Engineer: 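Pasting a structure below so you can have a look.
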There are 2 protein chains.
Amino acid sequence: MTRIQDVAQLAQVSTATASRALSRPQQVAAETRERVLEAARQLGYQPNVLARSLRQGETRTLGLIVADILNPFHALLAKGVQDTAERHGYSAFLFNSDEDPQKERRALETLRGQQPQGVLIVPTSGAGRNLQTLPGLPVVELDRVSGQPNPTVTVDNLDGAMAATRHLTGLGHTRIGMVVGQQDITTATERHTGFRQALRAAGVPYDPALVRPGHHREDDGYRAALDLLSLPAAERPTALFVGNNEMTVGAVLAARELGLRIPEDLSIVGFDDSRWAQTMWPPLTVVSQPAYELGVLACDHLVGLLTRRGGVPSASLPLPATGPPAPAPARLQLPTQLIVRRSTAPPPATILPAPPAADPA
Amino acid sequence: MTRIQDVAQLAQVSTATASRALSRPQQVAAETRERVLEAARQLGYQPNVLARSLRQGETRTLGLIVADILNPFHALLAKGVQDTAERHGYSAFLFNSDEDPQKERRALETLRGQQPQGVLIVPTSGAGRNLQTLPGLPVVELDRVSGQPNPTVTVDNLDGAMAATRHLTGLGHTRIGMVVGQQDITTATERHTGFRQALRAAGVPYDPALVRPGHHREDDGYRAALDLLSLPAAERPTALFVGNNEMTVGAVLAARELGLRIPEDLSIVGFDDSRWAQTMWPPLTVVSQPAYELGVLACDHLVGLLTRRGGVPSASLPLPATGPPAPAPARLQLPTQLIVRRSTAPPPATILPAPPAADPA
DNA sequence: TTGAAAGCGCTAACAT
DNA sequence: ATGTTAGCGCTTTCAA
């Protein structure tokens, strides 16, 4: 690799001048500047950011840890972050925790070695502990919250879940099942709470027997839905609210397998929109989340934090006794949107003794 | 951040000894080693990889550029690469070209500053030129090939397309349409060629009027399919072979919009399996590709290359006149697999004057 | 077995 | 406006 020394030599200047010509052009005589730029072009010079970062004490690098890059929601969120980081002149390094606190810990350690100036994270259930290994490093939590005093960028899960539930009660459903996510992840509990509150507001009793837990995977949704939909006809829910996109796929497959027509026999509302939700048949009614914007907002906020605190994070100066107290960490929240498609309808008028025959998958 | 100096100080040794105790433990007296390790633990020391890389001249870093992280095929491939890189003790930095040669160029430049030891890339159509800006850096091309003399890891697109086409001719189809991808991307041309060859082998004439180009996006598939399926009934294809996963979504939506039943009125085969293909109704017959394994294989190969050439890429020594000639770049190829589901069936027995009425989306 | 010292490539004082 | 020099944190000779 060509070094700045090579450029300097070819342009007949010192490395200092070469460096200046490249990064503070106006500090250098026009003619010299041209020589250096030409030399750099000719040699295909690209500065070694490692050396630069080491010298400047800032890497212009961010860490990004998502829980599951194969989930389109997280992929889109990651894209929002990376695009935004680039706009601000940062690079965002992407890691995957696969929803596993152990892997998250390893990712954070690896990341720490890279000296990022800040970290964006979709925290796993173990993030509380893991994040304490990063003292002095600005962290923004995305989508969920770990309980640590970090800024968070989330969507209004409570409101989204309420809107979904209200939609179902509004159609006349009174036996509504829910497939909830892991109870140690905030999005899951918030959606569960929203579900209960909306039921209460509609005067529909909350029946714990109609609520099944899952771990966010398609298969969990499948099993939970199969379970709920196999109840005797008089107890079986006429509508299902599913807590995330993956589990919704499973729930739809379960309904299909049982020969239940959507929405005639069963209404389904999913949380988080997706290509699949739009193109399955019938298209799915969902609570959509602005995934890309979530990433953009989180990254903008983090960069803002870095800019304000002035580049070099000085963990060595814990808290200057004087000066204004640090402001409380921001809690940014984006709205969700209920998109009514064709998977929801009023409940069947009469209780059918058995599911109607249909083509079993 | 705590430096190795802090560790050394706490353990009462020189930084040299501290460094050795951490990375070459057996070179240090047991007792000293313990002191250092304990000090490191206590301080939560994490080496600054920037400084280490700068000193050692190797970063243990790889670059990975995919064309579209939102496409599950690329996401899975990226995961295969990243998991494998980690297993080998490397970190893979992920970038997105969004299928845009300009963006690819910027990604490569940014990457180059990070001093990666090798690059894995799903090349865009402009990659030939772009890759020439990386002299002396090992590159492995993934999924497609740019024409540069780099090792490539691809799937057998020709065979996959032939299997798909043979499946359709075997069912009795003689008017088979194809939606092909960009003709400057090798996967697209290979699949096109496989289609033609299989038609020929089956004695079915190739009709250019039934072939429509697209640019890999859902919308392209939609338009191309709408076009083909709007032909007069006697000319309209009874089966469609679609060149990638995104365009297949569009094609299915087009068929649905025209009220064509799958597979009764129209058979569809897609290239590349996906969650969507498995869970749409009817489940889609596809040529599946081992995306994750593709990433694994490519990364294994790249790391093997690095290990053999011994770490430090010396672009300064172009070609030692003596010694064995460099072996030709490897061309690794993985098989595809035709998965027959329920979107394919024999063609309608009689030519219907018009598409049967159905529920329009 | 350990320590002293040099140097990776770059930039920012400081000096001219 | 330009050059000289020191030093970011680390590893690795070389010497003891």
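Residue numbers start from 1 in every chain, and the chains themselves are labelled A, B, ... in the order their sequence lines are given, proteins ahead of strands. Fair warning: this is a prediction, and the values are worked out from it, not measured in the lab.
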Engineer: Rounded to whole Å, how long is the line connecting atom CD of Q56(A) with atom C1' of dA13(C)?
Structural biologist: 14 Å
Engineer: Take the protein atom CD of Q5(A) and the nucleotide atom P of dG7(C), then report the distance between them rounded to whole Å.
Structural biologist: 12 Å
Engineer: Looking at R52(A), I'd like to know whether one of its side-chain N or O atoms comes within less than 4.0 Å of OP1 or OP2 on dT11(C).
Structural biologist: yes
Engineer: Taking DNA chain C as the partner, which of residues 19-34 of chain A come within under 4.0 angstrom of it by heavy atom?
Structural biologist: S19(A), R20(A), R24(A)
Engineer: If you count the non-hydrogen atoms of other residues, nucleotides and ligands that lie under 6.0 Å from CD in Q9(B), is the total more than 12?
Structural biologist: no
Engineer: L54(A) has an atom CG; how far is it from atom P of dG9(D), in whole Å?
Structural biologist: 7 Å
Engineer: Find the distance I4(B):CD1 to dT11(D):C1' and express it as a whole number of Å.
Structural biologist: 8 Å
Engineer: Name all residues meeting the side-chain contact (heavy atoms from CB on, under 4.5 Å) criterion together with A291(A); count only those two or more places apart in sequence or in a different chain, and write none if there are none.
Structural biologist: F73(A), L76(A)
Engineer: For S14(A) and dG3(D), is the shortest distance between a side-chain N/O and OP1 or OP2 below 4.0 Å?
Structural biologist: yes
Engineer: Sequence neighbours left out, what pairs pass salt bridge (Lys or Arg N to Asp or Glu O under 4.0 Å) with at least one residue falling in residues 134-154 of chain B?
Structural biologist: E99(B)-R144(B)
Engineer: If you fit an axis to the five pairs at each end of the helix from dT1(C)-dA16(D) to dT16(C)-dA1(D), how big is the angle between those two axes, to 10 degrees?
Structural biologist: 40°
Engineer: Who pairs with T154(B) by side-chain contact (heavy atoms from CB on, under 4.5 Å), at least two apart in sequence or on another chain?
Structural biologist: V145(B), T152(B), Q333(B)
Engineer: Nearest whole Å is fine: how far is dC8(D) P from R60(A) CZ?
Structural biologist: 22 Å
Engineer: Which residues in residues 40-51 of chain A have a heavy atom closer than 4.0 Å to any atom of DNA chain D?
Structural biologist: none
Engineer: What residues, two or more places apart in sequence or in another chain, satisfy salt bridge (charged side-chain N to carboxylate O under 4.0 Å, His left out) together with R60(B)?
Structural biologist: E58(B)
Engineer: Can you check whether F95(B) reaches L111(B) side chain to side chain, under 4.5 Å on heavy atoms?
Structural biologist: yes
Engineer: Between P on dC8(C) and CG on D6(A), what's the gap in Å once rounded to a whole number?
Structural biologist: 12 Å
Engineer: Measure CZ/R55(A) against C1'/dG9(D) and give the value in whole Å, please.
Structural biologist: 13 Å
Engineer: For residues 85-93 of chain B, which side-chain donor-acceptor pairs fall under 3.5 Å, sequence neighbours excluded?
Structural biologist:
{"residue": "H88(B)", "atom": "NE2", "partner": "D300(B)", "partner atom": "OD1", "Å": "2.7"}

Engineer: For E109(B), give me all partners under side chain to side chain donor-acceptor pair (under 3.5 Å), at least two apart in sequence or on another chain.
Structural biologist: R105(B)
Engineer: Would you list the pairs meeting salt bridge (Lys or Arg N to Asp or Glu O under 4.0 Å) in which at least one residue belongs to residues 3-20 of chain B, sequence neighbours left out?
Structural biologist: R3(B)-D6(B)
Engineer: N96(A): what forms a side chain to side chain donor-acceptor pair (under 3.5 Å) with it, not counting sequence neighbours?
Structural biologist: none
Engineer: Could you work out, with side-chain contact (heavy atoms from CB on, under 4.5 Å) as the rule, every residue matching S19(B), not counting sequence neighbours?
Structural biologist: I4(B), S23(B)
